[in-house]
Amino acid sequence: MKVAKQLQHFIAGEFIASEKTFKNISPVDGTLIADVCEADAATVDAAVKAAQAALKGPWGKMGVQERAAVLHKIADGIQARFEDFVAAEVADTGRPLQQARTLDIARGIANFRTFADLAKTANTDLFQSDTADGAGALNYTVRKPLGVVGIISPWNLPLLLFTWKVAPALACGNTVVAKPSEESPSSATLLAEVMRDAGVPPGVFNLIHGFGGNSAGEFLTKHPGIDALTFTGESKTGSTIMKAVADGMKEVSFELGGKNAAVVFADADFDAAVAGVMRSSFTNSGQVCLCSERVYVERAIFPRFVAVLKEKTEALKVGYPDEANVDMGPLISHGHRDKVLSYYKLAEQEGATVVTGGAVPIFGDIRDAGAYVQPTIWTGLPDHARCVTEEIFGPVCHVAPFDSEEEVIARVNDSDYGLACALWTTNLARAHRVAPKIDAGLVWVNTWYLRDLRTPFGGVKQSGLGREGGRYSLDFYSEVVNICIKL
């Protein structure tokens with residue numbers, strides 16, 4: 001019998017095992033990928049203390065240019081082990097190889113390079129003010145590290161979202177204690193190896209594995225030595241974390257759930273809109289916080305749009321990550337599949353018309369032990385139906401007709417969430433008119449998932465708190481101090 005490898009914590013520059021472990025299971029075929037060490041309170045405490053000590057060591061004495069050079073060296077290390085990272089991401093998530101190569105790992109590298117360069121060129125404020133004696137004063141700001149930053153990242157885009165937080169935190173001179181999702185620990189462990197090999201001082205980057213409640217996540221959020229915490233994941237978990245850190249008045253940044261909309265006007269480039277909605281609904285098996293689960297199509301093109309979307313969806317190839325031209329892999333786990341399938345069942349109970357999908361694919365091979373579901377389209381549900389209001393996080397969308405701008409804006413905004421929206425129209429005036437009226441942190445026009453890392457990212461309502469990206473990340477991961485000098 002093949003013995004799986006063990007994924008360990010990384011604390012103070014060393015890999016550390018713990019007695020308690022849990023299993024990392026392949027969503028492709030249900031086989032064991034690795035045994036993963038689970039951090040207890042003492043392990044988390046050791047990681048926080050290592051991070052605190054590192055702030056007083058060489059890392060705390062480095063200037064911005066030197067830190068930026070270290071971040072570029074980390075990016076070089078990921079690039080040198082590119083295929084190792086691809087294999088780790090694919091093993092944990094079952095996503096298609098092509099996606100891991102072109103999106104996930106490339107973006108991880110870009111995160112380190114981008115925030116290194118932003119930190120080098122970031123400006124601060126300077127104001128000259130008058131005083132009663134006529135001599136004047138200078139008021140200027142400087143950025144200082146917050147201290148020890150706790151990072152909790154999700155499983156859906158493991159390396160991409162993990163480095164999205166680690167890179168700016170380090171660029172600003174902080175040290176980190178980071179916990180990846182228990183569902184996708186492999187690429188974060190590889191990153192620890194890259195950190196060590198790149199010469200990152202011990203204690204600057206610390207990695208702990210485990211779960212949320214009564215495990216690594218809870219121990220991290222409640223630790224008094226954590227100065228700030230950033231989290232991406234479910235809205236309910238974000239609320240729990242906010243309550244946990246409230247007494248300590250810690251800085252927090254949350255990117256939470258979404259029930260995102262796509263709006264297709266009759267004047268849209270029809271083929272581009274269909275392709276865009278396909279991509280925004282089914283990329284990564286619908287497991288992207290920015291995916292479109294609510295699709296509103298202007299009534300004049302609604303029947304044709306649904307018919308073509310059905311045809312294109314049924315042509316999607318679901319299969320092994322390394323299959324040629326594969327479009328979709330499995331969901332992250334059997335537990336998550338059970339959740340998605342419960343919504344498939346609920347939709348029918350609520351009266352949905354199942355346009356296509358709604359079940360589990362049958363392969364007749366070991367993939368039947370995996371966590372696959374069919375890409376699914378519904379129509380016919382009212383806006384208050386649970387399947388239209390609750391985040392499902394699977395390869396599914398509900399398509400509904402609309403008749404006017406005012407109507408669709410109201411329906412899009414009638415949601416507890418507000419992360420992203422995609423508008424499809426060739427009318428430039430309409431795009432400029434409608435986009436600012438959408439209650440979301442990000443609105444795309446005639447595209448989806450196009451990101452410039454210099455721009456802000458985050459949600460409103462239950463989709464999050466705060467903004468990261470570009471100078472917004474530098475502001476969050478820094479303490480801004482105002483200095484006033486009398487001349």
Side-chain angles (χ1 to χ4, degrees), residues 258-283 286 288-313 315-316 353 355 375 377-384 388-389 395-461 463-464 467 469-470:
K259 189 70 176 180
N260 308 299
V263 178
V264 183
F265 289 96
D267 61 32
D269 179 323
F270 185 88
D271 292 338
V274 171
V277 170
M278 284 277 295
R279 184 166 169 253
S280 68
S281 298
F282 304 129
T283 291
V288 179
C289 56
L290 301 163
C291 275
S292 306
E293 292 189 5
R294 296 183 293 149
V295 180
Y296 299 95
V297 180
E298 197 162 4
R299 194 174 300 274
I301 62 169
F302 177 79
R304 179 185 171 210
F305 189 92
V306 172
V308 176
L309 186 66
K310 174 182 186 294
E311 176 188 353
K312 299 289 187 182
T313 300
L316 289 175
T353 297
V355 177
I377 302 169
W378 300 317
T379 59
L381 288 174
D383 286 353
H384 64 265
V388 181
T389 61
V396 61
C397 65
H398 177 265
V399 190
F402 72 91
D403 295 300
S404 69
E405 281 184 22
E406 293 75 15
E407 174 202 339
V408 77
I409 291 169
R411 292 172 71 184
V412 167
N413 291 342
D414 186 19
S415 172
D416 292 335
Y417 299 98
L419 187 56
C421 180
L423 304 178
W424 297 89
T425 177
T426 56
N427 185 324
L428 184 60
R430 169 177 281 150
H432 284 295
R433 186 169 58 245
V434 173
K437 296 179 181 178
I438 300 297
D439 294 338
L442 175 60
V443 178
W444 283 290
V445 178
N446 296 330
T447 189
W448 179 78
Y449 210 82
L450 180 61
R451 290 278 293 117
D452 187 316
L453 300 184
R454 297 170 295 180
T455 58
F457 180 79
V460 299
K461 296 187 273 192
S463 286
R467 294 291 183 271

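As the structure is a prediction and not an experimental result, all values here were calculated from the model.
Using a 4.5 Å heavy-atom threshold, the side chains of Thr389 and Lys259 count as separate. A 4.5 Å side-chain heavy-atom check between Val295 and Trp424 finds every atom pair outside the cut-off. Contact check for Leu309 versus Cys397: side-chain heavy atoms found under the 4.5 Å cut-off.
Between Ala268 and Ala273, the shortest heavy-atom distance links the atoms CB-CB, 4.3 Å. Closest approach of Ala266 and Ile301 over heavy atoms only: CA-CD1, 3.9 Å. Residues Cys421 and Val412 share a closest heavy-atom pair of SG-CG1, 4.4 Å. Annotation for Arg467 and Gly458: closest pair NH1-C, 3.5 Å, computed over non-hydrogen atoms. Of all heavy-atom pairs between Thr313 and Met278, the closest is OG1-SD, 3.3 Å.
Under the ring pair (Phe, Tyr, Trp, His ring centres under 6.0 Å) criterion, Phe270 pairs with Phe305, not counting sequence neighbours. Contacts of Phe302 classified as ring pair (Phe, Tyr, Trp, His ring centres under 6.0 Å), with partners at least two apart in sequence or in another chain: none.
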Residues 439-447 side chain polar contacts: donor-acceptor under 3.5 Å, at least two apart:
residue: Trp444; atom: NE1; partner: Leu450; partner atom: O; Å: 2.9
residue: Asn446; atom: OD1; partner: Thr425; partner atom: N; Å: 3.0
residue: Asn446; atom: ND2; partner: Thr425; partner atom: O; Å: 2.8

Stepwise side-chain contact (heavy atoms from CB on, under 4.5 Å) test for Glu298 and Phe402: CA-CA 5 Å; Glu298 197 162 4; Phe402 72 91; 3.7 Å; yes

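Between Tyr449 and Arg451, the side chains place no donor N or O within less than 3.5 Å of an acceptor N or O (distance only, hydrogens not considered).
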